[in-house]
Amino acid sequence: MLKSHYMTKGKFPIDRFLQLRTPFYYYDMELLRATLEAIRLEASRHEGFCVHYAVKANANPKVLRAIRQAGLGADCVSGGEIEASLRAGFPASKIVYAGVGKSDWEINLGLDHDIFCFNVESIPELEVINELAATKGQVARVAFRLNPNVGAHTHANITTGLAENKFGIAMRDMEMVIARAAQMKNVKCVGLHFHIGSQILDMGDFQALCNRINDLQLQLERHHIILEHINVGGGLGVDYQHPNRVPLPDFKAYFDTYARQLKLRPGQTLHFELGRAVVAQMGSLITRTLYIKEGAVKKFCIVDAGFTDLIRPALYQAYHKIENISSDEALDTYDVVGPICESTDVFAKQTDLNRTHRGDLIAIRSAGAYGEIMASCYNCRPLPHGYTSDELL
């Protein structure tokens, strides 16, 4: 008898899992489609809301195609992500390109496909885009990413909106940068871009961003400047503690916060760049127990996945719910660790699992975002494969 809420609903095809080489990622496409429908429903309640998917969260081609079919645009931070988005069928007119260090070939790629917008992070970058666009006889649409100096209640390594962070243009330089762009013949400023961080659950952080944007819009209007688009990035978090009980983020509260607090001008569109909130809960890393090691003071559950497959616990001390999906025995306490020759290769310490034996399958939950996409070949390990429920059920 299997214990997991997901398994009792047939969400984990255990028989198929036993036939596959571990570790691998498993993507619940039914949950992904439900998430996308919730985004569509809540965003559509507000006029002018446009949602782009942050490709850096998960670029599995099957996942990208499903997101494109749901009508979202793509938010890219590299030329490779632009190429992946185009291969998945995203129209170039829905692709935005951000990133603090865009190389010439990546800018040219965006120009060649006439993408919707470049989110520009510095004056030197603006000058290069203008120069490259001039050689092609084009006018590039740009939005300026401003650093609003708004803190977010999240891990220090994933805050991006403070003055000390590398991202964006300082607010004091906003008017000067917009004036500089107006003098260039091959760029057109169409908006402002912001992003304050990731895994944010406190709507007050987004309200603070809205207040800052409202002040900046008033400042621009004094110079008779009204821009077509406002892009507030993403950042909405998920419930890593309870992936079964709370599989969907609170999209209603998220979009309603912006609808209530942000004072858009007539005709302005509001753009979002959601990543984690779209894909985190639909993904699980499936790994196999290699050994149960009885230490002097604790038990170790040694699995065949390592931080090469899911680096978030080692990089951010991130929490992921872990389940033994092969056992219905009484609970026991383990450190769940991988095989990598590094002391940081630990998924969880002193976590309760149903009593675990060699060969048991372990599911590390909420791993659809920043899991497969951040995998590496350290220790000459192969990259994990990603399977969808559409393939296995």
Side-chain angles (χ1 to χ4, degrees), residues 25 27-28 31-32 34-43 49 51-59 63 67 72 75 77 98 148 150-162 165 167 193-210 212 231-262 270-285 310-322 347-348 364-374:
Y25 279 90
Y27 298 125
D28 181 348
L31 179 55
L32 175 60
T35 303
L36 292 166
E37 174 58 20
I39 292 170
R40 184 202 64 77
L41 177 64
E42 296 301 337
F49 280 25
V51 182
H52 304 261
Y53 167 65
V55 177
K56 71 175 184 173
N58 187 322
V63 171
I67 294 170
L72 273 64
D75 161 45
V77 294
V150 170
H153 293 85
T154 188
H155 192 285
N157 288 359
I158 50 178
T159 60
T160 60
L162 294 174
N165 299 135
F167 302 99
H193 176 224
F194 306 85
H195 182 66
I196 59 173
S198 187
Q199 186 49 23
I200 299 170
L201 298 172
D202 184 347
M203 295 300 136
D205 292 338
F206 299 123
Q207 181 174 340
L209 175 60
C210 290
R212 186 59 49 81
N231 185 326
V232 293
L236 179 63
V238 303
D239 191 333
Y240 283 96
Q241 299 281 340
H242 306 105
N244 293 329
R245 193 189 315 162
V246 190
L248 298 182
D250 194 349
F251 294 115
K252 183 178 190 308
Y254 176 70
F255 290 119
D256 283 355
T257 295
Y258 283 101
R260 288 194 307 267
Q261 303 296 330
L262 191 59
L270 184 60
H271 294 253
F272 301 86
E273 296 169 344
L274 295 172
R276 182 195 314 269
V278 181
V279 295
Q281 298 291 45
M282 62 96 181
S284 297
L285 177 61
L310 178 64
I311 198 172
R312 294 188 72 253
L315 186 62
Y316 302 133
Q317 298 77 54
Y319 171 85
H320 288 263
K321 183 177 178 63
I322 302 178
F347 290 114
I364 303 177
R365 303 294 305 282
S366 308
Y370 308 107
E372 181 185 357
I373 192 67
M374 295 181 78

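Every residue two or more places apart in sequence or in another chain that forms a salt bridge (charged side-chain N to carboxylate O under 4.0 Å, His left out) with Arg40 is listed here: Glu37. Here Asn58 pairs with Tyr27 under the side chain to side chain donor-acceptor pair (under 3.5 Å) rule; sequence neighbours left out. Applying the ring pair (Phe, Tyr, Trp, His ring centres under 6.0 Å) test to Phe272 and every residue at least two apart in sequence or in another chain returns Phe49, Tyr254, Phe255, Tyr258. Listed by chain and number, the residues in a side-chain contact (heavy atoms from CB on, under 4.5 Å) with Ala54 are Asp75 (sequence neighbours excluded). Thr35 meets the side chain to side chain donor-acceptor pair (under 3.5 Å) test with no other residue; sequence neighbours excluded. Every residue two or more places apart in sequence or in another chain that forms a ring pair (Phe, Tyr, Trp, His ring centres under 6.0 Å) with His271 is listed here: His52, Phe116, His229. Taking Ser366 as the reference, Tyr240, Pro243, Gln281, His320 meet the side-chain contact (heavy atoms from CB on, under 4.5 Å) condition, with sequence neighbours excluded. Applying the ring pair (Phe, Tyr, Trp, His ring centres under 6.0 Å) rule to Phe194 yields no partners; only residues at least two apart in sequence or on another chain are considered. Scored by the side-chain contact (heavy atoms from CB on, under 4.5 Å) test, Ala253 finds Met203, Asp250 as partners (sequence neighbours excluded).
Between atom CG of residue Leu236 and atom CD1 of residue Ile200 there is a gap of 8.5 Å, rounded to the nearest 0.5 Å. Note that CD1 of Ile196 is 5.5 Å distant from CZ of Phe206, once rounded to the nearest 0.5 Å. In this structure, CZ in Arg365 is found 12.5 Å from CE in Met282, a value given to the nearest 0.5 Å. For the atom pair OH (Tyr25) and CD1 (Ile364), the distance works out to 8.0 Å, reported to the nearest 0.5 Å. Atom CG in Leu72 sits 11.5 Å away from atom CD in Glu273 (nearest 0.5 Å).
Across every non-hydrogen atom of Arg276 and Gly237, the tightest pair is CD-CA, 4.4 Å. Here the closest heavy-atom approach between residue Val278 and residue Leu32 is recorded as O-CD1, 3.6 Å. Annotation for Cys210 and Thr257: closest pair SG-O, 4.4 Å, computed over non-hydrogen atoms. Taking each heavy atom of Leu209 and Pro148 in turn, the nearest pair found is CD1-CG, 4.1 Å. Of all heavy-atom pairs spanning Lys321 and Gln241, the tightest one is CD-O, 3.8 Å. In terms of heavy-atom proximity, Gly234 sits nearest to His195 at N-ND1, 3.1 Å.
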